[in-house]
Participant: 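Sending over a structure as structure tokens; questions will come in a sec.
Numbered from 1 within each chain, the chains take letters A, B, ... in sequence-line order.
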Amino acid sequence: MADGSAVENSGRMTADDFNPFPDSLEELGIEPESQPAPQGEDPLLADLTPPQREAVVFGDGALLVLAGPGSGKTRVITRRIAHLVNRGVPPWQICAVTFTNKAAGEMRARVGQLLGTAGPDAVAPEPPRGLIVSTFHSLCARLLRRHVDLLEIPGLTPTYAIYDMTDQRSLMKRIIKNAGLETGTWSPRNVLGAISTAKNELMDAKQYAQNAGDFYTRTIAKLYENYERDIRRANAVDFDDLLMLTVRVLATSEEARLSVSGRFKHLLIDEYQDTNRAQFVIASLIAQREDGSRPNICVVGDPDQSIYGWRGADISNILEFEKHYPGASVVKLGQSFRSTQKIIQTADELIRHNTQRKHKDLYTERPEGDAINVTHCIDERHEAQIVGAWLREKRDKHDLAWGEMAIFYRTNALSRTLEDEMRVTGMPYVIARGTAFYERGEVKDVLAYLRVVANPSDDVSLRRIVNKPTRGVGATTLTRIDMLATQRGMTLMEGLVEAAQGKVEGVSPRAVKALDRFLTIMGNWTGEGSFMGADISSSLSELVDRVITESGLETHYQKLADKHAEAVDEDKVENLYEVVAGAKQFEREYDASADMTMDPSLGNDEIEATIDEAPAPPLLAMLRAYLESVSLVADADAVDPTQGAVTLMTLHAAKGLEFPAVAIVGMEEGLLPHSRSRDSSSELEEERRLLFVGVTRAEDHLLLTNARTRTHHGMSERTIKSQFFDELPPAHVEINDLAGGWGGGTSQSGWDTGKAIDDGEQRFVPDPEFASPGDLDADGLPAIGTRVRHPQFGDGVVVAVVRGMDAKAKIDFGRVGVKTLILRYARLEFL
DNA sequence: ACCGGTGCTCTCTAT
DNA sequence: GAGCACCGGT
């Protein structure tokens, strides 16, 4: 990768965790682990510390590994898997669960390497066939696909779609409106949040309704019921359903549970501190032994790195593991092989400020290392420049590659300024946002077509494409059909079929014709539903290719590009073909056996046979598997240190990774800790753990920055530096104040600038360096803190500025309050 | 039915 | 600063 080019890392998911093995492990950025072992000693154990070794060789039963950051937990899991296989456990009886597809892929590659007897010029050894290394959601999607019929939920079949947040919102929005409620007071986001929490605690709509007392929860209960009704009618499940319905399958069907628990004799779970109630139950049900013997369950995690409480993660799963599994053994790994002493001690000092925690000693034998660099910056652009300069210095002076550095932030919105800076200065960068590619409109269009092909009931996808490209089926037509369909309890697709036959009143002849054409195209792809028609594509990528051309999407986007002649529109056409390419790659890498062996009717011999030679899957099965893998792509899957670029990502996505140099930006009250955690000490502690995770990703160099003013809501606002700065050990920190001092303490909560100004705190006294009278910037806008006089409101202070055509300033006029004025019109006098 | 413009709202993390 | 609902012109 040449300097100056930004890498667009789509993180396009291929055959998810099937077998995308690279030619060499170095390509994946994985260091070969095996080292020459002393004669006679097991090479799997040779370079391990005593506690690591204990965890690897631990026999049957329950094992909890409490692993501090950088203590080699991935190493322990992979060695343990390899050790089990060497001990004679058939690989297909082992199931390991990780947090991301990426982590699963790497773990599988490492196990393959450990077990391979490859000589110097042999190709990279493959992991043992049949070994399952997967994420909870992938595993559940696959299990559910095989067993869903056992649930006997009307409308839910193995071709179900997986609805992401956008799909859910669009569905919920319609439900709220249909219920006669305002989407303002009842925001889809909040309603779905409540439903998600309920599902994570395994509470279905009925149970939720039974517990609903007040008006608010009763309304949510009603919406929950309607949501369930509609998502089932669409033959779809959401992310939480994948877990909840898997629990239901395993809990209600003896056959399903026995087929899973009978197969997986060893269960290993990574990042156990982030499991929720549903995941805990799934693990218990899989691990449960029929003969009453002790479950072979090995969980690895670190309570101090629990950062998904907001998503239902229940830290007591790991804290009370010994209670759940009496007689469980515990191994503690406290020694870090990753970070320098200063970084470890800084992280340790920080996390000690959490009161709700069991202390764990962290230590390292690595060198003392550099001091942690804390730099206070003027604004976010300055901050981006500082980070850029710091990274460049790391490359020049410490000989680091771009791929060995990363920038973390609390919210995705912060990436923009950093991107701009890196583009301008020609520093190669990658944003770890695996879902980004699939969030593009044109890509969603193609996928929506494919989803409807696989599952005609998929209401949300059908609405998206029925008139895209425009074919004369407008809002009026659709409303008519929708009303009829709802009345008769049909799916929207069934309504369209009626309408195309001219059976729906109020649908114009023109629209009837358009619908007929639309349905004919769809029918051609699916072989009229049989998926085996004469005119049907034989391969997945061929189908995708046909969908793009025959739907009219290609022409539509090509016309757009011709009309505007802009790169953005050209990209859209390119992206359509990228989907075809992705499908082709999926085809090549898809291992059907992983799906086939989930069949509960298979005996051990049959599983072995299927693993050895899985039959080619029919097109529909292939399409399902492809859509499923696409739905389950995670942002962190896009992390690839071999791309020769600096990686930008959220602190959440950084979990489990490590880099020689790490910069964490936006260390401000309201951002880190986030404003939403202000009123809750447990949430504040989670914010602290989030920073702890970020800090402990660093091997050698760490930079922490904040900006004195930051653009927020399109407004430039004054900030307060993060209270976490005060929790770092001064001896290890080197402070670099480039923002000209910070008036006032950090203990005040005052993220809202307007409110804070009203309390007259000293910190808002304009800094002379920035608020010198009449001080205007390059855009002719007053700096924050500038004193102004208004003929009507009197004297005031600029507290925020909005750039753009109609530049506005938020001005605090004391008694009169804070006003937002359009600078062009405001009769302002600068003092 | 479609398209472009304007004005409004809400703004975290993510499988 | 983006996504959206709404409105008026074609």
Participant: Given atom CZ of A:Arg471 and atom C1' of B:dC2, what is their separation to the nearest angstrom?
Facilitator: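 So the CZ-C1' distance, A:Arg471 to B:dC2, works out to 15 Å.
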Participant: Determine, stepwise, if the pair A:Arg451 / A:Asp167 fulfils salt bridge (Lys or Arg N to Asp or Glu O under 4.0 Å).
Facilitator: CA-CA 12 Å; A:Arg451 283 164 63 155; A:Asp167 301 322; 3.1 Å; yes
Participant: Which is true for A:Asp164 with a 4.0 Å heavy-atom rule: it touches a base, it touches only sugar-phosphate, or it touches nothing?
Facilitator: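 Nothing, no nucleic acid heavy atom in range.
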Participant: Just call it for A:Ser187: base, sugar-phosphate, or nothing, with non-hydrogen atoms closer than 4.0 Å on any strand.
Facilitator: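 Nothing: the residue A:Ser187, judged by heavy atoms under 4.0 Å, touches no strand.
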Participant: Answer yes if the side chains of A:Asp445 and A:Tyr557 hold a donor-acceptor pair under 3.5 Å, and no otherwise.
Facilitator: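 Side chains of A:Asp445 and A:Tyr557: pair found under 3.5 Å.
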Participant: Looking at A:Arg416 and A:Asp420, is there a salt bridge between them, counting it only when a charged N and a carboxylate O are closer than 4.0 Å?
Facilitator: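 No, no charged N to carboxylate O under 4.0 Å.
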Participant: Does any non-hydrogen side-chain atom of A:Gln279 lie less than 4.5 Å from one of A:Leu243?
Facilitator: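 The answer is yes, as the side chains (C-beta and beyond) meet within the 4.5 Å cut-off.
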Participant: If you measure only the distance, is there a donor-acceptor pair under 3.5 Å linking the side chains of A:Thr711 and A:Glu380?
Facilitator: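 A donor-acceptor contact under 3.5 Å links the two side chains.
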Participant: Going by salt bridge (charged side-chain N to carboxylate O under 4.0 Å, His left out), A:Arg710 matches just one of A:Glu717, A:Glu669, A:Glu383. Which one?
Facilitator: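 Among A:Glu717, A:Glu669, A:Glu383, the one that satisfies the salt bridge (charged side-chain N to carboxylate O under 4.0 Å, His left out) with A:Arg710 is A:Glu383.
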Participant: Do any side-chain nitrogens or oxygens of A:Thr476 fall under 4.0 Å of OP1 or OP2 in B:dA1?
Facilitator: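 Indeed, a polar side-chain atom of A:Thr476 lies that close.
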Participant: Which atoms of nucleotides 4-8 of chain C (N or O only) lie under 3.5 Å from a protein N or O atom, and what are those distances?
Facilitator:
residue: C:dA5; atom: OP1; partner: A:Lys173; partner atom: NZ; Å: 2.3

Participant: Which atom pairs link the protein and nucleotides 11-15 of chain B when you take only N or O atoms and keep those under 3.5 Å?
Facilitator:
residue: B:dT11; atom: O4; partner: A:His713; partner atom: ND1; Å: 2.7
residue: B:dC12; atom: OP2; partner: A:Arg189; partner atom: NH2; Å: 3.4
residue: B:dC12; atom: O4'; partner: A:His674; partner atom: NE2; Å: 3.0
residue: B:dC12; atom: O2; partner: A:Arg410; partner atom: NH1; Å: 3.4
residue: B:dC12; atom: O2; partner: A:Arg410; partner atom: NH2; Å: 2.4
residue: B:dT13; atom: OP1; partner: A:Asn412; partner atom: N; Å: 2.6
residue: B:dT13; atom: OP1; partner: A:Asn412; partner atom: ND2; Å: 2.9
residue: B:dT13; atom: O2; partner: A:Trp310; partner atom: NE1; Å: 3.0
residue: B:dT13; atom: O2; partner: A:Arg410; partner atom: NH2; Å: 2.7
residue: B:dA14; atom: OP1; partner: A:Thr650; partner atom: OG1; Å: 2.7
residue: B:dA14; atom: OP2; partner: A:Asn412; partner atom: ND2; Å: 3.2
residue: B:dT15; atom: OP1; partner: A:Asp635; partner atom: N; Å: 3.1
residue: B:dT15; atom: O3'; partner: A:His137; partner atom: ND1; Å: 3.3
residue: B:dT15; atom: O2; partner: A:His137; partner atom: NE2; Å: 3.0

